[in-house]
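What follows is one structure encoded as structure tokens, with my remarks underneath.
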Amino acid sequence: MTGVLKNCCYVSVALDVPLTRLFEYSCPAEYAPVIGARVIIPFGPRRLAGVILSVATETAFDQTKIRPVVALPDDMPPLAEDVLALSRFCADYYGHPLGQVLATALPVALRQPKAFVPPEPGGVYQAGNLDALLQSLSPRATAQKQLALMLAQPMARAELAAVSPSANKWLKNWIEAGWVFFTETLPDAIPLPVGAAGANAEQAAAIALIDGQHASFAAFLLFGITGSGKTEVYLQTIAACLARGKQALVLVPEINLTPQLEARFRARFPSARIVALHSGLSDKERVLNWLSASRGEAHIVLGTRLAVFTPMPRLGMIVVDEEHDASFKQQEGLRYSARDAAVYRAHQRQVPIVLGSATPALETWHNARQGRYRLITLQHRAVGGAMPPQIEIIPMHRAKVVEGLHQATLNIMREHLAGGQQVLVFINRRGYAPVLSCGECGWLGECKRCSAKLVLHLNERRLRCHHCGYEEVIPSACPDCGNQDIRPLGQGTQRIEAALETLFPDAKILRIDRDNTRRKGSLQEMLRQVSAGEANLLVGTQMMAKGHDFPALNLVVVLNADAGLFSVDFRGEERMYAQLLQVAGRAGRAGTQGRVLIQTGYHDHPFYGQLLAQDYAAFADAQLDERRSMQLPPFAAYALLRAEAEEGALAKAFLLQLQAVLADAPGVQMFDPIAATMQRKAGMERWQLLVMSDTRHPLVNALKRIALMLEARNNKVRCILDVDPIEM
DNA sequence: AGCACGCCGACT
DNA sequence: GTCGGCGTGCTC
Ligand SMILES: [Zn+2]
Ligand SMILES: [Zn+2]
């Protein structure tokens, strides 16, 4: 039995609940429901916000169970077809309920089941018909008359409101009567760039190539070393995009979206409306910026991965800077890759996309080598006479070592400091030492809730687990044998800092890691100190590797580099190469050649030969050959099912059930479930099942078979699906 | 997910 | 006796 109602229709709505199906509601026709509109509906005992995905005049659903919508808040433009298509793609490809994908796409304020009330937009009031207005006023209404006379000129709201507390009410009435007009301040249609740097021949060619494709989809890999001027290429292609009256979407890694980057864009386009979109904004700022983009007012959206879903009616191009960066992959909920989503979106909208990197992800490199992406190489350093750094390997085998530092390293550091230059010691381990141990019985401080060692934090006098947050006081003796002589093993940033204080008593040492930059703004303050020369010997973790340029920094020392070399993850070397090249890029910007010392216990490992060549293209080609021969991504499609439970056997059993369902899916291979690399984390036992196929489609199809099993409630086992996992 | 309902253990 | 534990069902 289908139902038909007069002046009423049915809408199906996607909701932010972990359920794949849509829900149908009746809706009065005068609400004018449209696809993509936000809607507030009753859901059991509560109220939720959702997105309308279809509108129909009848329904196949049980008439008696259909409830009416509460409201269509009309507080955002309905989501356009390309955003809906991208959301459907993500729901399908990453195996996530569409309603939850749409919730990820919307700013928090627009996920709430109440209308968002925007502050009044900036603008001016002016009388359109002053005579009629004045005649309508009673002769004794002097305040109203004063207000009306002011409106002979365009006036901002603040000045008018000062006339009378009722000014707002009168203005509203006069606008309704048609005597007064409100004109919103709109941005320039075409904001002009100022201070564009002269592009060198390579940059000019790149700009011409990208801009030549402005009318259709094309993906470019802009491959250029640090200092080769990728940003200038972005800025000039964006200028061309804006000149056509279009909007530009720029995605950058979380850590790179700094006030400095924003300032650089604003300096180039002073009359443009540039909005930032990242998780550091308040809900209010975020929704306002999002709405500005979706109304087509913002010219440039500068955002992190979440910005890939921003509706932009006049989208003209997309840039993904540092496209290899891991922060483009969300690691919870909808585990999407914003880089892949951006390529999908560019294709959907038929606009060019530029992926920029000095060390492209092998997936991207492969696409470029296959000709799917156009490779543009910037070989030369665009910045005044800068040279690539000189990388040297310091073999640690049987060497004289002081607190993890080789004698040769110390000598070179001393020279640089004496020459008035800055030195960065890079060590990717925070804390004092990665573990505390007993020399008598071999006891190691371990976390009770994780398969991990407790890191010694001497400053705070605590042992701390970096995986679950567990903390305890440093024991005074070995808990197993009572031996008093327990010592820290290995180096962390705090220990290096302490050692350097003894070794270089005159140096101004500054440690920068997550432990002392938690407070908002503290990182910016420390970076300022470094730029101002208030510190000359820096100790830092990977947060120092990215994007900050210090002209006086000429020597980078890398300690404990080897970790990525023997990683269980096949991406270990790729990541390590990218990281080392990135940190090497910190050395030597101002005309002099930088120097990079890498201390390693495996100096004859072939990896270091490839690194010394500083030829990422050759390294990437070699890695691709290896991946091809081993049938690893990008020559295979991977999905990882991660299950965790208090009892490991339950997690494993659940994965075995999934495996059985997937077993006869065409074109799909699996290994048996295995314990996760970190088998125990925060008191949960973790197992994983790897699902593989030659191409994406059989994999995505196979995974649909288990969607319901993952959706079903399971109190004992928590299981999540990670398509294209970046960590195994 | 979140929220109601319902049925058993140890509390004022 | 009832307060609250969480297993189960349901949401158009
Ligand atoms: Zn002991
Ligand atoms: Zn732990």
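Per chain, numbering begins at 1; letters A, B, ... match sequence-line order.
- Taking every side-chain heavy atom of A:Glu24 into account, C:dC12 is the closest of C:dC10, C:dT11, C:dC12.
- Using modelled atom types, no side-chain atom of A:Arg514 and backbone atom of A:Thr541 make a donor-acceptor pair closer than 3.5 Å.
- The separation between A:Ile52 atom CD1 and C:dC12 atom P is 16 Å, rounded to whole Å.
- Between A:Arg67 and C:dC12 there is a side-chain N or O to OP1 or OP2 distance below 4.0 Å.
- For an aromatic pair to be called close, the ring centres must be under 6.0 Å apart, and A:Phe89 with A:Tyr344 satisfies this.
- For the pair A:Phe23 CZ and C:dC10 P, the computed distance is 13 Å after rounding to whole Å.
- Between A:Asp16 atom CG and C:dT11 atom P there is a gap of 19 Å when expressed in whole angstrom units.
- No close placement of the A:Tyr10 and A:Tyr25 rings is indicated, their centers lying 6.0 Å or farther apart.
- The nearest whole Å value for the distance from the CD1 atom in A:Ile41 to the P atom in C:dT11 is 13 Å.
- What separates NZ of A:Lys65 from P of C:dC10 is a distance of 9 Å, to the nearest Å.
- A stacking contact between A:Phe43 and C:dC12 is absent: the pair does not combine a ring-centre distance of less than 5.5 Å to the base's six-membered ring with planes differing by less than 30°.
- The interatomic distance linking A:Asn714 (CG) with C:dT8 (P) rounds to 11 Å, in whole Å.
- Below the 3.5 angstrom threshold, one finds no donor paired with an acceptor across the side chain of A:Arg713 and the base of C:dG7.
- A:Pro18 comes within 4.0 angstrom of a nucleotide base, judged by non-hydrogen atoms across all strands.
- With hydrogens and angles left out, the side chain of A:Arg46 and the base of B:dA1 share a donor-acceptor pair within 3.5 Å.
- Distance CD (A:Glu332) to P (B:dA1): 14 Å, rounded to an integer number of Å.
- No side-chain donor-acceptor contact under 3.5 Å links A:Asp82 to the backbone of A:Gln348.
- Atom CZ of A:Arg718 sits in a sparse spot, with 12 or fewer heavy atoms from other residues, nucleotides or ligands closer than 6.0 Å.
- Between the P atom of C:dT11 and the CZ atom of A:Phe61 lies a distance of 7 Å, rounded to the nearest Å.
- Residue A:Asn715 places its side chain closer to C:dT8 than to any other of B:dC3, C:dT8, C:dC12.
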